[in-house]
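A short write-up of the structure that comes next.
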Protein chains: 2
Amino acid sequence: MKYSKIPEATIRRLSRYSRCLEEMEQAGEEVVSSAQLATRCMVNAAQVRKDLAYFGEFGIRGVGYYVKDLHNDIKKILGSNKEWRMALIGIGNLGSALLSYKDFLKQNYKIVAAFDIDPPKVIGRVSEKLGKPVEVLHINHLKEVARERRIEIGLITTPPSEAQVVANLLVEAGVRGLLNFAPTQIVVPEGFMAKDVFFTTILDNLAYLLSNP
Amino acid sequence: MKYSKIPEATIRRLSRYSRCLEEMEQAGEEVVSSAQLATRCMVNAAQVRKDLAYFGEFGIRGVGYYVKDLHNDIKKILGSNKEWRMALIGIGNLGSALLSYKDFLKQNYKIVAAFDIDPPKVIGRVSEKLGKPVEVLHINHLKEVARERRIEIGLITTPPSEAQVVANLLVEAGVRGLLNFAPTQIVVPEGFMAKDVFFTTILDNLAYLLSNP
DNA sequence: TTCAATTTGTGACCCCTTTCACAAAGGATG
DNA sequence: CATCCTTTGTGAAAGGGGTCACAAATTGAA
């Protein structure tokens with residue numbers, strides 16, 4: 001298949017396939033058909049095949065896909081076969097919550113630094129949970145620490161008014177991936193990637209659906 | 001314009017417009033054109049007008065839209081002009097995080113109950129943050145408490161293996177809106193609404209974008 | 001070896017969303 | 001009141017993603 005721009009929806013589904021395949025692998029299943037995987041992920045079987053076709057041929061006609069191989073291939077496509085090192089900026093309600101309970105993240109995503117601008121928070125504030133605690137540093141040190149600790153993704157949990165400022169700092173520090181939890185649009189230059197996670201938007205969406213049956 | 005099924009993307013954008021309009025309202029701006037709003041929300045101007053056209057005519061030709069009025073209209077459309085009462089089920093890492101984070105939610109979304117199945121967690125475990133602490137109750141009381149406290153939305157933060165079980169309980173308790181944080185698909189009957197929030201998926205998405213520049 | 005059964009990969013079609021472009025409508029000015 | 005300017009609302013066109021249906025490939029059995 002000729003390569004073209006890959007739909008974002010395809011990437012999201014690959015992530016789902018990956019999760020299902022992981023379960024299947026652990027369950028000892030060796031081969032899976034597009035139809036089986038589709039049922040499990042609640043999508044169309046042709047969709048599964050087409051999604052995969054963007055990246056190559058992974059199946060065997062008349063047989064299906066080898067679970068383990070396909071899982072590895074998808075992880076390689078997604079880039080989720082490596083460890084991603086992340087920094088969290090903004091130790092307010094959400095920030096400290098995420099930091100304290102950071103172990104909810106998948107194995108390959110690690111928060112290895114935390115920053116804030118407010119001195120009182122910075123002094124001696126550490127997460128008390130399992131695993132290594134992450135000390136909260138002053139935002140001034142972002143640039144140097146980002147390089148030292150090879151940060152690749154920044155989690156922005158500041159108030160909305162500061163989100164763009166922090167985004168700029170991250171960009172300047174060479175952090176190419178930004179996950180923005182602050183309910184405001186941020187802009188990043190070419191080559192940098194910003195994704196939004198707005199609970200507000202999702203809740204509004206749900207509220208709309210409930211209000212309009 | 002004739003009414004038809006409204007795209008989900010439209011609803012998401014309305015949520016964005018609403019946020020921008022709120023800022024504008026606070027800034028004292030009285031009138032806004034579709035072009036201005038579009039720039040601010042980083043979408044196409046025709047898109048703004050078409051999104052609004054699904055629900056009626058809100059503007060004045062040659063003038064634009066009255067900020068305050070449009071904001072109210074959109075809130076009415078989204079159903080975000082009322083208070084939504086929510087329950088959180090599953091007090092693990094993420095659950096406790098969200099419970100602490102709850103004051104960060106918009107005014108009109110309130111967590112008014114929390115549940116878990118694990119007795120040790122249930123005994124005296126409360127969030128220590130500002131505002132009224134929410135006591136964690138045993139999941140057995142979900143049905144009665146949901147009715148008492150008029151719960152309309154359930155936040156599922158259990159391990160994936162329990163997500164569907166909890167979803168069923170919520171459905172049985174008449175909770176029509178479900179927000180699922182557990183990385184697994186859940187199914188709900190006609191008339192109920194389930195939305196997923198998978199950090200994993202969003203991070204995978206970002207990882208993909210970073211891996212494939 | 002041949003034939004039947006199975007399942008992939010993909011071209012073609014369809015539907016939905018977005019963008020374009022313009023007529024219609026309101027406001028301002030003289 | 002007439003004219004000009006601005007901006008909305010919307011039909012039409014374009015673009016993209018999803019589904020269908022089938023040829024190609026593989027396996028297994030006769």
Side-chain angles (χ1 to χ4, degrees), chain A residues 1-17 20-21 24 29-71 73-74 77 201 205 208-209, chain B residues 1-17 20-21 24 29-71 73-74 77 185 201 205 208:
Chain A
M1 190 193 206
K2 54 175 175 291
Y3 14 111
S4 53
K5 240 213 314 273
I6 286 119
E8 216 182 282
T10 291
I11 303 302
R12 272 201 299 275
R13 282 189 298 270
L14 284 180
S15 188
R16 259 203 259 175
Y17 304 156
C20 285
L21 288 166
M24 290 176 173
E29 298 172 54
E30 299 201 335
V31 177
V32 65
S33 71
S34 60
Q36 291 171 311
L37 187 55
T39 305
R40 186 126 176 191
C41 295
M42 298 198 254
V43 298
N44 183 294
Q47 184 83 75
V48 171
R49 297 198 296 275
K50 188 138 269 191
D51 283 337
L52 295 173
Y54 280 111
F55 301 97
E57 307 198 357
F58 302 98
I60 300 164
R61 295 175 190 220
V63 179
Y65 303 86
Y66 290 114
V67 172
K68 199 176 159 73
D69 291 351
L70 185 59
H71 188 207
D73 287 332
I74 291 182
I77 292 166
T201 303
N205 211 307
Y208 167 78
L209 292 171
Chain B
M1 189 192 206
K2 55 174 174 292
Y3 14 111
S4 53
K5 237 208 323 266
I6 285 117
E8 216 183 283
T10 291
I11 302 302
R12 271 200 301 274
R13 281 190 298 269
L14 285 180
S15 187
R16 260 202 261 174
Y17 304 156
C20 285
L21 289 166
M24 290 175 173
E29 298 173 53
E30 299 200 338
V31 176
V32 66
S33 71
S34 60
Q36 291 171 311
L37 188 54
T39 305
R40 186 124 175 192
C41 296
M42 297 197 258
V43 299
N44 183 295
Q47 184 83 75
V48 170
R49 297 197 297 274
K50 190 137 269 191
D51 283 337
L52 295 174
Y54 280 110
F55 301 97
E57 305 197 359
F58 303 97
I60 301 163
R61 296 176 189 221
V63 179
Y65 304 86
Y66 291 114
V67 172
K68 200 176 158 73
D69 292 350
L70 185 59
H71 188 207
D73 288 331
I74 291 182
I77 292 166
Q185 299 295 309
T201 303
N205 211 308
Y208 167 77

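The sequence lines fix the lettering, A, B, ..., with proteins before strands; numbering per chain opens at 1. Please read these numbers as outputs of a predicted model, since none were measured by experiment.
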Worksheet item: Considering residues, nucleotides and ligands other than A/Tyr66, do more than 12 of their heavy atoms fall under 6.0 Å from its OH?
Response: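 12 or below, so no.
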Worksheet item: Does atom CD of A/Glu29 have more than 12 heavy-atom neighbours, drawn from other residues, nucleotides or ligands, at distances under 6.0 Å?
Response: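 Yes.
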Respond yes when some side-chain nitrogen or oxygen of [X] is under 4.0 Å from OP1 or OP2 of [N], and no when none is.
X	N	result
A/Tyr54	D/dG16	no
B/Tyr65	D/dT6	no
B/Ser34	D/dT8	yes

Discussion item. So, under a plain 3.5 Å distance rule, would you say the side chain of B/Lys50 forms a donor-acceptor pair with the base of D/dG11?
Written reply: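 Side chain to base: pair found, below 3.5 Å.
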Nearest-Å distance for atom pair [atom1]/[atom2], residues [X] and [N]:
X	N	atom1	atom2	answer
A/Glu57	D/dT26	CD	P	10 Å
B/Ile6	C/dC16	CD1	P	14 Å
A/Leu52	D/dG17	CG	P	16 Å
B/Asp51	D/dT10	CG	P	13 Å
A/Tyr66	C/dT8	OH	P	12 Å
A/Arg61	D/dA23	CZ	P	12 Å
B/Ile60	C/dA24	CD1	C1'	15 Å
A/Phe58	C/dG9	CZ	P	9 Å

Practice prompt. Residues of residues 35-47 of chain A with any non-hydrogen atom less than 4.0 angstrom from an atom of DNA chain D: list those, numerically ordered, please.
Written response: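 Going residue by residue through residues 35-47 of chain A, the ones with a heavy atom under 4.0 Å of DNA chain D turn out to be A/Asn44, A/Ala46, A/Gln47.
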Fill in: Contacting residues from residues 7-17 of chain A, given that a heavy atom lies under 4.0 angstrom of DNA chain D
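Result for residues 7-17 of chain A: A/Pro7, A/Ala9, A/Arg13, sorted by number.
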I'd like to check [X] versus [Y] (side-chain heavy atoms, cut-off strictly below 4.5 Å). Are they in contact?
X	Y	result
A/Val48	A/Asn44	no
A/Asp51	A/Arg13	yes
A/Ile77	A/Phe58	yes
A/Val31	A/Tyr65	no

Item to complete: Identify which nucleotide among C/dG27, D/dA21, D/dT8 has an atom closest to any side-chain atom of B/Arg49, counting heavy atoms from C-beta outward.
Response: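 Closest nucleotide to the B/Arg49 side chain: D/dT8.
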Practice prompt. Could you pull out all residues at least two apart from A/Gln36 that satisfy side chain to side chain contact (heavy atoms under 4.5 Å, CB included)?
Written response: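 Per chain and number, A/Gln36 pairs via side chain to side chain contact (heavy atoms under 4.5 Å, CB included) with A/Val32, A/Ser33.
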Worksheet entry | Any side-chain donor near an acceptor of the partner, B/Thr201 and A/Arg12, under 3.5 Å |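 Result is no, nothing qualifies.
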Worksheet item: Under 3.5 Å, is there a donor-acceptor pair between the side chain of A/Thr10 and the main chain of A/Ile6?
Response: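 Answer holds: no.
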